Amino acid sequence: MSAFTVGESDFLLDGRPVRLLSGALHYFRVHEEQWGHRLAMLRAMGLNCVETYVPWNLHEPAPGRHRDVGAVGRFLDAVREAGLWAIVRPGPYICAEWENGGLPSWVTGGLGARARTRDERFLLHVGSWFRRLLPEIVPRQADRGGPVLMVQVENEYGSYGSDAGYLAELAALLRAEGVTAPLFTSDGPEDHMLTGGSLPGVLATVNFGSHAREAFATLRRHRPAGPLMCMEFWCGWFDHWAGQHAVRDPGEAAGALREILECGASVNLYMAHGGTSFGGWAGANRGGDLHEGPLEPDVTSYDYDAPVDEYGRPTEKFRRFREVLAEYADGPLPEPPPRPASLGAAAEVALIGWAGLDGVLEALGGAETVTPVAPTFEDLGITRGLVRYAVDVPGPRRPYPLTVRGLRDLATVYVDGEWAGVLTEEEPRLPEPVAGPARVELWVESLGRVNYGPRSGEPKGITGGVLHERQCLHGTRARGLDLDAFDDGVARVPFGPVPGLDTGAVPGAGAAGLYRGTVTVRGAGDARLELPGWTRGFAWINGFGLGRYWSAGPQRSLYVPGTVLREGGNEVWLLELQQAGPDRPAPRLLPV
């Protein structure tokens, strides 16, 4: 057992000053069988600690229904076995470019802006969750022989709110449930963020990507004493769909890391290894200086231009960071572990079955509701996936514009069974007017709930109604299809022949649906799935959700951990939500 405390100017481990050289690695973004390898990579880079968030919504998809909370404890056990310390950031909000910032949509849907405050109902939910989660953390604290050195109170709260009473309630809850490790907060190095997000008696840390001396000077104006720590050194950045791939020069990043250490500070690399937002859990941001602008969905890859890339390989940034960190090590650094095996040879996916979206919805969807106005995803209990809305345009009447008010995020529209267009938040009106009578179906897809800023927690779906000219169309039939339904329900889907397969024709706009395929693997190992000619949807291999694909880029393939592949036959599902492009080649697995 070790005693870890916060001194006047240093962290103290068993009374001796210690510098935390930490790296962020999210257990939920790395396949469990690869945890050991990734942790060994962190040690080889020169780190002595690992930091992870805990996403509440992943582990409690519905009130009181918990899913593999034990993964947190297993990861911390793997951290100890790897010879590292741990920093845990349990939220309840985590950001992390994760769906809804880690908050369950069933919580934020009912509370709106009252989430992340001392609102009694929100704290009731948090307390129930922490009482389930903290038994995975408390016994693994350093003073009980485990690796956990510190636990965070909330996350970057000063970027969102100023309810100091809420932070105090969270700190008291953590203590009441057995957390004895030092608590901390982390915020941007700006006055309003530090005043809104820090808590008396709790260590304050700062997050930044450069200009360490200026950032720590700001922190010192608020906290004259206590260890200095950059809890998030942004050594890379994340990508948005239809945006540019973010890259940071390795030499420049290593120089910024050196500046932090020259200040005598501890550091946590964000990210040391980013991993992948498997299962469609990637979040979204809002553009603009105040994060109130257009939706910017996060890509599936969370490579983050990190020193250990998405496939677990060392990069030039790894080499540069290792050189800097070696100067602060107690002895020679261990060598990196062998690279993970790569797929032996490329393999094509043979498509053998197809079911239209209506058939998939009938097999896997929730019950249909009929309401005067369109329900939101939250009303229907949909976390990640899509909802089919159907409204009738009365008639006879002349053609008028049809507009979806408050659309979040994207709708593929059919009028009397014919494809009519794709609507977005920025372009919510069909290009051609609609005459009555007509039946309008809108397949509305969430592109990821906002994970940062004042728009976090906003609802998904049709939030303002469907208008014909200026008239609201009432009487909405709605039925949701949640991605979680694919975990164990695909056997119920009525697959038929793949459209156009016998003639070589490419399925058109009406061929959205679930495609079933097989791929034969020789030399199973890490791979990437390429889907040229496909538009937008989700992919699974052997039931493991790889995440969202989208021809908008910049991501062009999906990472397939070798641990989910098997020698011989493998089953592939592709949920295409729009259409396949002309002259598309077969989907294929390629070595990494």
Side-chain angles (χ1 to χ4, degrees), residues 4 6 10-11 13 18-30 38-39 41-54 75-76 79 82 84-91 94-98 142 147-156 159 181-189 193 197-198 202-212 215-216 219 223 226-238 248 253-254 256-275 302 304-308 317-318 321-322 324-325 328-329:
F4 182 81
V6 176
D10 297 293
F11 293 116
L13 186 62
V18 63
R19 188 195 301 254
L20 297 185
L21 303 174
S22 179
L25 187 161
H26 300 155
Y27 68 93
F28 47 92
R29 282 186 161 121
V30 178
R38 304 304 195 261
L39 292 168
M41 288 294 294
L42 267 58
R43 279 206 68 201
M45 189 163 42
L47 302 178
N48 58 20
C49 186
V50 62
E51 172 266 309
T52 188
Y53 285 121
V54 179
F75 178 71
L76 294 175
V79 169
L84 294 165
W85 300 106
I87 297 170
V88 181
R89 305 166 82 180
I94 64 171
C95 185
E97 289 68 58
W98 188 261
V148 178
L149 297 181
M150 294 200 297
V151 175
Q152 181 171 268
V153 180
E154 243 271 358
N155 182 60
E156 294 186 320
S159 299
L183 302 178
F184 70 94
T185 59
S186 65
D187 288 285
M193 295 182 182
S198 59
V202 172
L203 176 71
T205 66
V206 283
N207 304 336
F208 55 83
S210 57
H211 305 293
F216 288 137
L219 177 60
R223 292 294 175 89
L228 294 175
M229 182 165 187
C230 177
M231 187 53 66
E232 292 185 17
F233 166 51
W234 303 319
C235 55
W237 205 245
F238 53 90
R248 184 172 185 181
L257 172 61
R258 183 180 295 279
E259 182 183 354
I260 293 172
L261 300 176
E262 287 174 347
C263 292
S266 291
V267 68
N268 178 54
L269 309 180
Y270 195 96
M271 298 290 296
H273 169 59
Y302 203 60
Y304 214 89
D305 193 37
V308 180
K317 192 176 290 181
F318 177 96
F321 282 15
R322 179 178 160 94
V324 173
L325 293 167
Y328 297 85

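Not measured: the values here are computed from a predicted model.
In terms of modelled atom types and a separation under 3.5 Å, the side chain of Lys317 and the main chain of Asp305 share a donor-acceptor contact. Panel note: side chain Arg19, backbone Ala265; a donor-acceptor pair is recorded below 3.5 Å. At distances below 3.5 Å, at least one donor-acceptor pair connects side-chain atoms of His273 with backbone N or O atoms of Val308. Within the 3.5 Å criterion, the main-chain N or O of Trp234 finds a donor-acceptor partner in the side chain of Arg248.
There is no side-chain donor-acceptor pair under 3.5 Å between Glu154 and Thr185.
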Checklist line | Verdict with supporting geometry, Arg29 and Glu97, side chain to side chain contact (heavy atoms under 4.5 Å, CB included) | finding: CA-CA 11 Å; Arg29 282 186 161 121; Glu97 289 68 58; 4.3 Å; yes

Item checked: Tyr53 and Tyr27: CA distance, side-chain angles, deciding distance, ring-ring contact (aromatic ring centres under 6.0 Å, His included) verdict -> CA-CA 8 Å; Tyr53 285 121; Tyr27 68 93; over 10 Å; no

Next item on the list: Go through Leu47 and Phe321 one step at a time and tell me if the side chain to side chain contact (heavy atoms under 4.5 Å, CB included) criterion holds.
Entry: CA-CA 10 Å; Leu47 302 178; Phe321 282 15; over 6 Å; no

Notebook entry, point to check: How far apart are the C-alpha atoms of Phe4 and Phe11, what are their side-chain angles, what is the distance that settles it, and do they pass the ring-ring contact (aromatic ring centres under 6.0 Å, His included) test?
Noted result: CA-CA 7 Å; Phe4 182 81; Phe11 293 116; 5.4 Å; yes

Margin query: Leu261 vs Leu21, test: side chain to side chain contact (heavy atoms under 4.5 Å, CB included). Steps then yes/no.
Written below: CA-CA 9 Å; Leu261 300 176; Leu21 303 174; 3.7 Å; yes

Next item on the list: I would like to know whether Leu39 and Phe75 meet side chain to side chain contact (heavy atoms under 4.5 Å, CB included); could you show each step before the answer?
Entry: CA-CA 10 Å; Leu39 292 168; Phe75 178 71; 4.2 Å; yes

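For the atom pair CG of Leu84 and SG of Cys49, the computed distance is 7.5 Å after rounding to the nearest 0.5 Å. The distance from atom CE of Met231 to atom OG1 of Thr205, rounded to the nearest 0.5 Å, is 4.0 Å. Taking NE2 of His211 as the start and CD of Glu259 as the end, the distance is 8.0 Å to the nearest 0.5 Å. Taking CZ of Phe216 as the start and CZ of Arg223 as the end, the distance is 14.5 Å to the nearest 0.5 Å. Taking SG from Cys230 and CG from Leu20, the interatomic distance works out to 12.5 Å, rounded to the nearest 0.5 Å. To the nearest 0.5 Å, atoms CD (Gln152) and OG (Ser186) are separated by 3.5 Å.
Nearest heavy-atom pair, Leu269 versus Phe233, reported as atom, atom and distance to 0.1 Å: CD2-CD2, 3.7 Å. Here the closest heavy-atom approach between residue Ser22 and residue Asn268 is recorded as OG-OD1, 2.7 Å. The two atoms that bring Tyr304 and Tyr270 nearest to each other are CE2-O, 3.3 Å, heavy atoms only. For the residue pair Ala254 and Val324, the shortest heavy atom distance occurs at O-CG2, 4.0 Å. Met45 approaches Phe318 most closely through the heavy-atom pair CB-CE1, 3.5 Å. Contact between Leu228 and Cys263 at its shortest, heavy atoms only, is CD1-O, 4.0 Å.
Residues satisfying the salt bridge (charged side-chain N to carboxylate O under 4.0 Å, His left out) test with Arg43, not counting sequence neighbours, are none.
At least one side-chain heavy atom of Phe28 sits less than 4.5 Å from a side-chain heavy atom of Thr52. Annotation: side chain of Pro90 is in contact with side chain of Val151 (closest heavy-atom distance under 4.5 Å). With a 4.5 Å cut-off on side-chain heavy atoms, Met150 and Trp85 do not count as touching. Using a 4.5 Å heavy-atom cutoff, the side chains of Pro189 and Leu219 are not in contact. Looking at heavy atoms from C-beta onward, Met271 lies out of side-chain contact with Cys235 at the 4.5 angstrom threshold. In this structure the side chain of Asp187 never reaches within 4.5 angstrom of the side chain of Asn207, judged on heavy atoms. Using a 4.5 Å heavy-atom cutoff, the side chains of Asn48 and Leu42 are not in contact. The shortest side-chain heavy-atom distance between Val54 and Ile94 does not fall under the 4.5 Å cut-off.
Taking the charged nitrogens against the carboxylate oxygens, Glu232 and Arg89 do have a contact shorter than 4.0 Å, which makes a salt bridge.
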